[in-house]
Student: 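Following this message is one structure expressed as structure tokens.
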Amino acid sequence: MIEQERLPPYLAYLNPEQLKAVLHEGSPLLILAGAGTGKTRVITTKIAYLVKERGISPESILAVTFTNKAAREMRERAALLEPSCERAVIRTFHSFGSWFLRRNAQALELDSNFVIYDDEDSASLVQAILPNLGKPECRRYASLIARAKDYGLEPDSPSLATLIRDDDFRRVYSLYEERLRATGNVDFGDLIRLPAKILEKDEVIARRTKQRFRVLLVDEYQDSNVAQFLLLQRLFSPETYLCVVGDDDQSIYRFRGAEIRNILSFASIFPGTETIKLERNYRSYQSILDIAGDVVSRNSGRLGKTLRATRPGGAKPQLALLDDQDQEVSFCARIIGEMRAKGASLSDIAILYRTNAQSLAFEKEFPRRGIPYRLVGALRFYDREEVKDLLAYLSLLLNPRDEIAFRRIVNKPARGLGEGSVESILDKAAREGLSPIEACRQSQELLRGRGKAGMEQFLGLLDRATALLGTMMYQDEPYSLSDGGKRSTKGENSDAKGGKAIGGDAGSASLAILLETIVKESGLVGYHRDQDEIAGTQKLANMDELINASSLYPLASEGLAEFLETIELDRSFQAGSDAELKDAVTLITMHNTKGLEFPCVIVSGLEQGLFPRDDEEGEDLEEQRRLFYVSLTRAKDRLYLSACRWRRIRGRIIETSPSRFLTEMDPSLYEFWKLGASASRPQAGSFPRRTFPATQRTAGSAGASLIPKAGSYGSRPLPSASSLASNRSAALTGSKSSAQAETGPGASPEWKRGQAVYHDEYGRGSVIKVSMTESSGSLVIVQFETGKIAQFFPKYTRKLERIKD
DNA sequence: TCACAGTGACTTTTT
DNA sequence: GTCACTGTGA
């Protein structure tokens, strides 16, 4: 053990628990790391420590995460501490699975040049098997299959029936597997399941692998699924040092097969496990952790942690109970305005919601109010039709057996190869054991007229593309992915053992040439240009974007393989430069915020029926509560919560009540959001204490007009949304109309130099400068009597009031 | 093969 | 309210 006072600097930064976790060795280790407790620092430091101080070779370390972003960060930070850590295998679970599978594919008689099918491809495969099924039904089966694979279940697993109660499922799953093997490709689930299978049945590979990886580190362990657990178990040997890091309170992916029991039972599955808790939170004020801790304490199945803030105090979170979504947007706009006025960057602010549909209200209104926003998630670049089309051409070049890619593009753009022709070609392929492409070459007699010409054109295109790629396109020679070094800026790990150099004399020619050729000669350009003109889409631009991305890879089949693998496994790429969006508010689903943090967080839509849904009970409810917990702990400085009494859901306006997560909360932990004192005179009156415990604290700001609607509201522990919101609506509506019509108190004509003002926080002052901005109305710079100078967009703040001298 | 209209469905989604 | 799927008709 290293003496405390002689710690190298990179260890000296750690707190005692973190240090203990880094120095720990021997038994399996479970690090329970709460939100914001420096989890990544511990893992990366541990990797560096093992290499630097313990003489572990970096190659023998395997660290797995769930997201590419996390993997990238871990890789970079470990390498910063110890450059040789670059040789450690730090990857996502799936990327590791793919890496392993390509190296050991022969153990399952699989080609190592497989392409990875995404969910949509899987659904298409089901569709190919069961042509009579509707598309939604195919998707359902595909997702059930994915779930079965998450649980490590095979078509013949006895327990399959307990997971999925559909009599046909076993048959569909079995057919799917057969058909998938025929394409030579794999799906996401296979990237976990198949490596586990190889390790189980091939002793030689298993021994070699266990000898290689002496250290296993797993991040976000609470979100691992059963299949991932099985893989881990098969990588584990008595000589392996196993360390998992996670937070049971942040397990939010149950619906995709994440098994919280993995972390809850870790210690009992791996005997001798030592558990270290990291509870010192460096991110949030104590006031935020208090409310988050209160929320999650209501869950039963927990290991139990209490976060302590290193930043004591902090403003109490504010809860805004509003009338409807329009008010919610106004509310957010006001918070944004206030933050802006305080000099915060818009990128410091995030608005969180449960479902993607909820972003719409913000998206519609923010541009009108001059608020730039950045929408996270939503429609992913690689899920777009035109991108998938182009990728399908590429997949087909790499693997001519790819039936799904073939179906997708053989007649796209239309070449006169209708459903009948395609099916007869695929029939022939199946009967004679040919790839679809080979079947095409041999089936020209089946076609005539337009179809015949179309087929010639199609095959001609593939031939030219193949020629461009150079050699050995259809040969079975195994290649090794990225062994020969990196060309990609995406930073895939290269195998430390090294491998043969990438062959071919591609010179500096890039893959972009191939993509351009395909796009032009296939007619995709014309096809999508038409669509662009009709629907105002960005399809051409998106294809350009993809071509652009491909230019980093060499024009060779290996380059193509690497390009596809990178894309298949890291789909986070967003088209369009984000430089212009640097200063923008983040709109994001609660799920997508995991691992992120923002100085200011607004959690919106906290209504019963929406979050949680009314049908969520038991384990589901606990998961939603964890999701709420995750959302709250994203906030560093300021936290706002909002709920609407009336919410438009699917075109219907529905009366709601506040989320049970709010009503069950300790009311002393938050404040009701109130307008600046300058905005409206608080009126007399208060809520009946019996029904509203928080009244005492907020009576001053609570309004007069308690509207006792529909009786049921009277007995709620929280006031109805309307009772509070009705006080606010005037002010909010006011701010809204001023924003839209430029006539309200915030409008520009009335702001002049020398105007005396009063500010809610800074007191009296005088305007020293007024300037106009295009999007946000006038910008007013004020010198206060305190000497402070601050700038405001009157449009966004009501804290600034004009007064007479 | 395509364009259109009518119907129904609708959480979350690291890979 | 929106979108995507489905079936119809040209």
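In what follows, every chain begins at residue 1, and chains take the letters A, B, ... in the order their sequences are listed.
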Student: Report yes if at least one side-chain N or O of Thr589(A) is closer than 4.0 Å to OP1 or OP2 of dT11(B); otherwise report no.
Tutor: no
Student: For Tyr253(A), report the nucleic acid contact type (base, sugar-phosphate, nothing); a contact means any heavy atom under 4.0 Å.
Tutor: base
Student: With a 3.5 Å cut-off and just heavy-atom distances, do the side chain of Arg256(A) and the base of dT15(B) make a donor-acceptor pair?
Tutor: yes
Student: Using centres under 5.5 Å plus planes under 30 degrees as the test, is Phe255(A) stacked with dT12(B)?
Tutor: yes
Student: Asn299(A) and Asp249(A): side-chain donor and acceptor closer than 3.5 Å?
Tutor: no
Student: Look at the side-chain N and O atoms of Asn411(A) and state whether any lies under 4.0 Å from the OP1 or OP2 oxygen of dT1(B).
Tutor: yes
Student: Is the gap between the ring centers of Phe266(A) and Tyr221(A) under 6.0 Å?
Tutor: yes
Student: Taking Asp620(A) first and then Arg254(A), would you say they form a salt bridge - that is, a charged N and a carboxylate O separated by under 4.0 Å?
Tutor: yes
Student: Could you tell me whether the phosphate oxygens of dT12(B), OP1 or OP2, come under 4.0 Å of any side-chain nitrogen or oxygen in Asn592(A)?
Tutor: no
Student: Under 4.0 Å, heavy atoms only, any strand: does Gly595(A) hit a base, just the sugar-phosphate, or nothing?
Tutor: nothing
Student: For the residue pair Tyr527(A) and Asp389(A), confirm or rule out a side-chain donor-acceptor distance under 3.5 Å.
Tutor: no
Student: Check the phosphate of dT12(B) against Asn356(A), side-chain N and O only, distance under 4.0 Å to OP1 or OP2. Yes or no?
Tutor: yes
Student: Heavy atoms under 4.0 Å, any strand shown: does Asp118(A) hit a base, just sugar-phosphate, or nothing?
Tutor: nothing
Student: Going by the angle between their ring planes, with limits at 30° and 60°, are Phe169(A) and Tyr141(A) parallel, tilted or perpendicular?
Tutor: parallel
Student: Has the side chain of Arg354(A) got a donor or acceptor that lies under 3.5 Å from a partner of the other kind on the base of dT12(B)?
Tutor: yes
Student: Have Arg354(A) and Gln624(A) got a donor and an acceptor in their side chains that come within less than 3.5 Å?
Tutor: yes
Student: Determine, for Phe114(A) and Arg102(A), whether the Lys NZ or Arg CZ falls below 6.0 Å from the six-membered ring centre while staying within 45 degrees of the axis.
Tutor: yes
Student: Side-chain N or O of Asn68(A) less than 4.0 angstrom from OP1 or OP2 on dT14(B)?
Tutor: no
Student: Heavy atoms of chain A, cut-off under 4.0 Å: which first and last nucleotide of DNA chain C, 5' to 3', fall inside that, if you could look?
Tutor: dG1(C) to dT6(C)
